[in-house]
Amino acid sequence: MKYYDKLIFELSKKGRTGYTLPGGNVDAPALPATLCRQSDLHLPEVSEVDVVRHYTNLSQMNFGVDTGFYPLGSCTMKYNPKINEEIAAMPEFAGLHPLQKNLPGVKAVYEGMDRSLAAITGMAHFTFKPCAGAHGELTGLMIMREYHLRRGDLARTKIIVPDSAHGTNPASAAVCGLEVVEVKSNADGLVDVESLKPLLGPDIAGIMMTNPNTLGLFESEIKEIASLIHGCGGLLYYDGANMNPLLGVVRPGDMGFDIMHLNLHKTFSTPHGGGGPGSGPVGVKKELAEIADSVCVSGFNGNFGVILRAYAYILMLGKENVKLAGPLATLGANYIKESLKDAFKLPIQRVCKHEFVFDGLVDDGSSTGKPGATTLDVAKRLLDFGFHAPTIYFPLLFHQALMIEPTETESKETLDAFIDIMHKIAKEAAADPDILHGAPHNAPIGRPDETTAARNPILKFFDEQCAS
Ligand SMILES: *Cc1c(COP(=O)(O)O)cnc(C)c1O
């Protein structure tokens with residue numbers, strides 16, 4: 001452990017200060033004893049330079065798109081243009097009160113965003129209230145439910161969700177009070193139309209899908225699926241969290257979807273991760289616009305600062321360049337897939353869209369007599385080389401899933417560097433899987449017990465230790 005990896009309380013030395021103040025000439029007011037603290041406040045006592053080093057080192061223990069390549073499949077970690085931040089920080093925007101939402105400039109941002117997203121997606125209108133992707137799903141399903149209720153159709157209590165769906169889909173459906181019916185994928189990783197047919201009936205509210213699906217594959221039967229769902233009286237919901245591959249290529253509205261959400265914090269470059277503010281605007285077809293505006297899931301009108309950043313990104317690219325995003329995201333993903341399929345198992349051999357899934361190593365090193373290296377081991381070893389790990393063990397269709405999404409914003413040189421390191425790791429695994437089992441070797445911490453770390457985190461330094 002490096003000296004400055006210590007906690008700030010461990011750096012503390014009694015009586016040390018990080019500041020100097022001139023002596024006061026005002027007497028302290030007399031406060032009633034009951035209001036006064038009986039023991040000293042436990043604060044670290046450190047010099048200024050120790051404080052600076054402490055926080056600078058802490059900031060460097062983090063990993064984000066601003067520090068390295070982050071190929072997290074199904075999460076679209078694309079770069080965050082700094083122009084977005086400059087615009088969001090302008091005092092004319094940053095200083096607004098939420099109740100000033102009717103100022104002409106604010107309205108222009110919402111209206112411009114509504115028009116842009118409608119043009120990109122083929123929807124008629126967006127509501128900006130939802131503050132995350134899952135929040136958008138819930139909003140979209142509430143719109144769907146309200147649509148059926150307004151028609152006096154009370155029997156539609158079920159929603160169809162493919163087995164490859166993002167976990168938030170069934171969760172949002174459950175929160176909305178809908179019963180989830182799963183539809184299976186076929187051997188090609190697509191929704192199995194024959195398995196879908198028997199599920200249809202007067203109790204179906206609709207289907208939740210994403211296209212390309214969570215395996216990064218384009219659902220080529222989407223037109224037929226749409227006509228089957230509409231034919232039984234249901235609506236189609238599109239999960240557009242990661243819409244990069246479609247930008248400027250095809251539009252969910254044209255595929256037959258009625259309701260959708262977008263993650264501005266994925267597809268449209270605003271920062272995300274760590275639970276930071278997100279935005280999951282929901283778009284609908286014209287007949288649903290009035291219902292969409294009547295569903296209220298947050299105070300005010302969503303996360304204005306996030307919407308503003310995404311609008312800056314869209315305007316910066318312009319119509320012509322937005323169209324490049326989809327093909328570039330697709331090209332990057334296929335380039336990595338083809339370059340690494342000698343070393344990693346590729347269960348679905350097709351042209352992918354923005355992401356794809358490997359199913360573990362071709363040679364996991366178990367022929368050495370040692371336990372073979374797993375997907376988790378590969379992910380941990382990547383950290384040693386300064387790359388964030390891809391999404392692992394999702395989707396659940398494969399046991400050793402390793403889901404890679406490079407996004408359209410990475411250079412070929414970065415993709416090549418990642419491919420080289422993945423090959424190096426595969427060679428290490430084949431020769432001596434223990435190198436991977438012990439990884440990460442260079443990170444601030446090794447392998448925490450992930451269940452304990454999530455369920456039982458120790459987040460404070462105990463008083464006894466402070467006192468000593
Ligand atoms: C990220 C993601 C979501 C959920 O978005 P949050 O903002 O994390 O709630 C939903 N669907 C898909 C496909 C996603 O990738």
Side-chain angles (χ1 to χ4, degrees), residues 64-65 70-78 80 117 121 126-142 159 161-176 180 185 189-191 207-219 222 236-247 252 255 257 259-283 297-298 302-303 305-307 309-310 329 333 352-357 388 390-397 401 403-408:
V65 279
Y70 208 136
L72 202 63
S74 185
C75 288
T76 308
M77 302 297 291
K78 73 165 73 167
N80 307 141
L117 296 184
T121 60
F126 275 80
T127 168
F128 290 91
K129 291 197 178 76
C131 296
H135 205 196
E137 292 169 23
L138 176 62
T139 308
L141 293 170
M142 287 165 75
I159 185 110
V161 180
D163 57 3
S164 63
H166 193 269
T168 51
N169 289 191
S172 303
V175 171
C176 194
V180 176
S185 304
L190 303 178
V191 167
I207 190 170
M208 291 183 91
M209 282 180 71
T210 182
N211 194 17
N213 66 22
T214 302
L215 295 171
L217 303 171
F218 192 80
E219 297 278 0
I222 189 62
L236 279 85
Y237 183 88
Y238 183 88
D239 179 340
N242 316 282
M243 223 195 77
N244 322 17
L246 297 200
L247 292 179
M255 289 186 237
F257 288 95
I259 309 172
M260 67 175 293
H261 83 269
L262 289 161
N263 278 22
L264 301 187
H265 49 291
K266 290 181 182 168
T267 302
F268 294 101
S269 86
T270 70
H272 76 117
S279 177
V282 171
V297 291
S298 65
N303 276 324
V306 179
I307 293 155
R309 283 173 174 84
C352 64
K353 292 290 178 277
H354 60 307
E355 63 192 3
F356 63 93
V357 183
H388 196 280
T391 296
I392 58 172
Y393 299 111
F394 177 83
L396 306 175
L397 301 173
M403 186 182 200
I404 299 177
E405 175 183 359
T407 84
E408 69 276 17

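Atoms within a ligand are numbered from 1 in the order they appear, just like the ligands themselves. Atom set for the values below is all heavy atoms of this structure, side chains included, hydrogens, waters and symmetry mates excluded.
Residues of the protein with a heavy atom under 4.0 Å from ligand 1 are S74, A132, G133, A134, E137, H166, T168, D239, A241, N242, N263, H265, K266, listed by chain and number.
By the side chain to side chain contact (heavy atoms under 4.5 Å, CB included) test, A333 pairs with C352, F356, P406, sequence neighbours left out. When the side chain to side chain donor-acceptor pair (under 3.5 Å) test is applied to S172, the partners found at least two apart in sequence or on another chain are E137. The ring pair (Phe, Tyr, Trp, His ring centres under 6.0 Å) search around Y70 returns F63, H388, not counting sequence neighbours.
For E405 and T76, the side-chain atoms include at least one donor-acceptor pair closer than 3.5 Å.
Of the possible polar contacts, none joining the D239 side chain to the T210 backbone as a donor-acceptor pair under 3.5 Å is found. Judged by distance alone, with hydrogens and angles left aside, the side-chain atoms of H272 form a donor-acceptor pair with the main-chain N or O of C75 at under 3.5 Å.
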